[in-house]
Amino acid sequence: MKTTRFQTMQIALAVLTLIAASLACQMPTPVPPPTATQDSDPSPTNTPIPPTSEEVGEEANLVITNVTLDTTTPSAGGWVTVDVTIENQGGAVAASYELVLIPHYGWGPPNPAGHEVLPALDPGAIHTATFTPGVLYSDAGTFTLRVLVTDDWYASGNPDSTGTAGDYQDFLITVTEPVTLEANLVITNVTLNTTTPTAGGWVTVDVTIENQGGAAAAGYDMGLIPHYGWGPPNPAGYETLPDLAPGAIHTATFTPGVLYSNAGTFTLRVLVTDDWYGGGNPDSTGTAGDYHDILITVSEPIALEPNLVIINVMLDTIAPPIDGWVIVDVDIENRGGAVAAGYELVLIPHYGWGPPNPAGYEVLPDLAPGAIYTKLFSPGVLYSTAGTFTLRLLVTDDWYASGNPDSTGTAGDFMDFSITVGG
């Protein structure tokens with residue numbers, strides 16, 4: 001049957017209706033919008049979910065931010081204390097990491113001297129580890145101490161591997177030979193009352209000793225050798241020292257001290273030793289002693305004598321009239337070292353002219369060293385004849401023996417004055 005144009009259009013419309021009904025069944029049922037209120041948001045937004053660290057590629061990053069060592073120069077057999085600060089500067093948690101101390105990095109097997117399993121560290125977290133007594137260095141030498149943070153130590157034991165996100169720092173350690181502590185006695189001061197005694201005189205000695213070592217000094221003696229290098233070293237002073245701890249000071253005083261009987265030049269040796277009884281050697285300071293030499297010059301003894309000196313004379317006039325008097329005031333001092341006895345004071349009015357007849361006379365008292373004696377002659381000396389004369393004041397101990405106006409005797413003195421009479 002022949003299809004008409006109208007029939008064709010009806011068939012096409014029916015097909016489109018079937019397609020539309022099929023699409024309507026697949027679309028979701030629309031939800032009516034909520035009723036608007038004061039608290040509701042008329043245009044709500046959906047909060048996005050952030051991506052995970054794995055999605056953006058973030059990782060942990062452990063960094064050693066600080067290492068403190070108590071020393072980098074221990075002696076053999078000594079320890080190095082280690083403080084380590086670690087920070088996770090990454091964006092993910094750091095888990096399963098270890099902190100390892102390798103004392104001899106690059107030399108022999110990398111045996112650790114310290115080890116710690118680190119806790120899990122969040123981003124920005126800081127962890128501090130302290131190793132005390134720390135790392136033991138038994139032998140002298142120069143070594144590299146490696147501080148290593150890694151997560152594969154047990155898997156590889158590789159001292160050069162920081163694992164996934166670790167770190168390391170190296171430190172040069174210089175280990176010295178151990179120092180043996182010993183005593184060291186040092187004479188720090190010697191004081192003498194004199195270095196120039198006279199024969200038969202004494203030298204007082206004060207000695208200060210200090211233990212400048214690191215161990216106690218025991219069994220030491222101090223001796224004074226008055227004639228070191230001359231004759232047998234017989235000590236003139238001796239003391240057994242007490243035990244001296246490090247830094248201790250001991251002072252010894254020898255008084256009256258050392259006797260020097262003969263004139264000459266000698267060396268006084270102050271000796272500290274621990275083998276005097278064993279060797280008696282004046283050149284040996286023993287294990288840790290000391291010595292100090294002082295030059296002593298001994299002179300012949302000086303005979304002490306008096307020395308009378310006229311220290312002052314006052315005359316009331318040096319131009320008296322004929323038959324006039326001169327009043328004389330005299331001061332005499334004994335400036336010697338012994339008593340002055342048996343002396344006289346004589347006034348000779350016409351010295352050098354005629355016989356030395358005295359116009360005034362006095363026996364002086366005994367004068368000790370330093371004593372002063374004053375004598376006043378009043379009315380004094382009489383001048384009866386015009387002229388110019390010399391008035392001599394004479395101190396002597398032989399006037400009666402010699403009557404010599406020029407002799408001051410053993411230790412006397414004189415003084416002259418010009419007197420003009422009737423001028």
Side-chain angles (χ1 to χ4, degrees), residues 193-194 196-202 260-263 297-423:
N193 68 328
T194 181
T196 56
T198 58
W202 295 84
Y260 283 93
S261 301
N262 303 110
T297 301
V298 185
S299 59
E300 293 289 352
I302 299 172
L304 298 179
E305 297 180 352
N307 180 24
L308 293 183
V309 178
I310 299 172
I311 58 174
N312 185 59
V313 175
M314 295 183 63
L315 308 179
D316 70 331
T317 180
I318 55 172
I322 297 173
D323 294 327
W325 295 85
V326 176
I327 297 173
V328 182
D329 195 358
V330 185
D331 293 324
I332 301 168
E333 181 180 1
N334 183 0
R335 292 182 174 175
V339 174
Y343 283 79
E344 304 103 39
L345 171 59
V346 184
L347 305 184
I348 303 171
H350 307 101
Y351 171 74
W353 186 85
N357 298 323
Y361 177 87
E362 176 157 323
V363 175
L364 300 179
D366 293 351
L367 295 177
I372 296 175
Y373 179 75
T374 299
K375 174 59 182 175
L376 175 64
F377 293 90
S378 180
V381 179
L382 174 63
Y383 281 94
S384 302
T385 307
T388 299
F389 309 96
T390 297
L391 169 61
R392 168 160 286 190
L393 282 65
L394 178 66
V395 176
T396 182
D397 61 351
D398 66 357
W399 179 254
Y400 278 109
S402 67
N404 184 356
D406 292 311
S407 173
T408 56
T410 307
D413 194 14
F414 73 90
M415 199 175 274
D416 291 339
F417 298 89
S418 181
I419 305 295
T420 301
V421 181

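Nearest heavy-atom pair across Ile322 and Ser384 is CG2-O, 2.9 Å. Closest of all the heavy-atom pairs between Ala319 and Thr317 is N-OG1, 2.9 Å. Across all non-hydrogen atoms, the minimal contact from Pro356 to Gly403 is CG-O, 4.0 Å. Across every non-hydrogen atom of Pro369 and Gly336, the tightest pair is CB-O, 3.3 Å. Annotation for Asn262 and Ala199: closest pair C-CB, 4.1 Å, computed over non-hydrogen atoms. Of all heavy-atom pairs between Arg392 and Pro405, the closest is NH1-O, 3.0 Å.
At least one side-chain heavy atom of Ile327 sits less than 4.5 Å from a side-chain heavy atom of Leu376. A 4.5 Å side-chain heavy-atom check between Asp398 and Thr408 finds every atom pair outside the cut-off. Side-chain contact between Val330 and Ile310 is present, with heavy atoms from C-beta onward closer than 4.5 Å. Side-chain contact between Ile332 and Leu345 is present, with heavy atoms from C-beta onward closer than 4.5 Å. Side-chain contact check for Trp399 versus Pro358: some heavy-atom pair is nearer than 4.5 Å. Considering only heavy atoms from C-beta on, Leu315 comes within 4.5 Å of Ile419 through its side chain. Looking only at side-chain heavy atoms (C-beta outward), Tyr373 and Pro365 come within less than 4.5 Å of each other. You'll find the side chain of Thr198 stays beyond 4.5 Å of the side chain of Val298, heavy atoms only.
The structure places CD of Glu344 at 10.5 Å from CD of Glu362, a figure rounded to the nearest 0.5 Å. With rounding to the nearest 0.5 Å, the separation of OH in Tyr260 from OG1 in Thr196 is 12.0 Å.
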Would you sort out whether Val339 and Leu367 count as a side-chain contact (heavy atoms from CB on, under 4.5 Å), showing the intermediate values? CA-CA 6 Å; Val339 174; Leu367 295 177; 6.0 Å; no
Before giving the answer on side-chain contact (heavy atoms from CB on, under 4.5 Å), spell out for Leu391 and Ile348 the whole-Å C-alpha distance, their side-chain angles and the decisive distance to 0.1 Å. CA-CA 6 Å; Leu391 169 61; Ile348 303 171; 6.0 Å; no
Using side-chain hydrogen bond (donor to acceptor under 3.5 Å, both in side chains), reason through Thr374 and Asp331 one step at a time and then give a plain yes or no. CA-CA 4 Å; Thr374 299; Asp331 293 324; 2.5 Å; yes
Take Tyr383 and Asp323 through the test side-chain contact (heavy atoms from CB on, under 4.5 Å) and record every step on the way to the result. CA-CA 5 Å; Tyr383 281 94; Asp323 294 327; over 6 Å; no
Apply side-chain contact (heavy atoms from CB on, under 4.5 Å) to Phe417 and Leu393, showing your working. CA-CA 8 Å; Phe417 298 89; Leu393 282 65; 4.0 Å; yes
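Within 6.0 Å of CD1 in Ile318 there are 12 or fewer heavy atoms belonging to other residues, nucleotides or ligands.
When atom types are taken as modelled, the side chain of Ser402 and the backbone of Asn404 share a donor-acceptor pair closer than 3.5 angstrom. The main-chain N or O of Ser407 is found under 3.5 Å from a side-chain atom of Thr396 such that the two form a donor-acceptor pair. In this structure, the side chain of Tyr343 engages the main chain of Ala411 through a donor-acceptor pair within 3.5 Å. In this structure, the side chain of Asn307 does not engage the main chain of Asn334 through any donor-acceptor pair within 3.5 Å. Without hydrogens or angle criteria, Arg335 side chain to Val309 main chain gives no donor-acceptor distance under 3.5 Å.
If you look at Tyr361 and Tyr400, their ring centroids are closer than 6.0 Å.
Between the side chains of Asp406 and Tyr351, a donor-acceptor pair is found at a separation under 3.5 Å. Side chains of Asp397 and Thr410: a donor-acceptor N/O pair is present below 3.5 angstrom, by distance only. No side-chain donor-acceptor contact under 3.5 Å links Asp416 and Thr390.
Geometrically, Lys375 engages Phe377 in a cation-pi contact, judged by NZ or CZ lying under 6.0 Å from the ring centre and within 45° of the ring axis.
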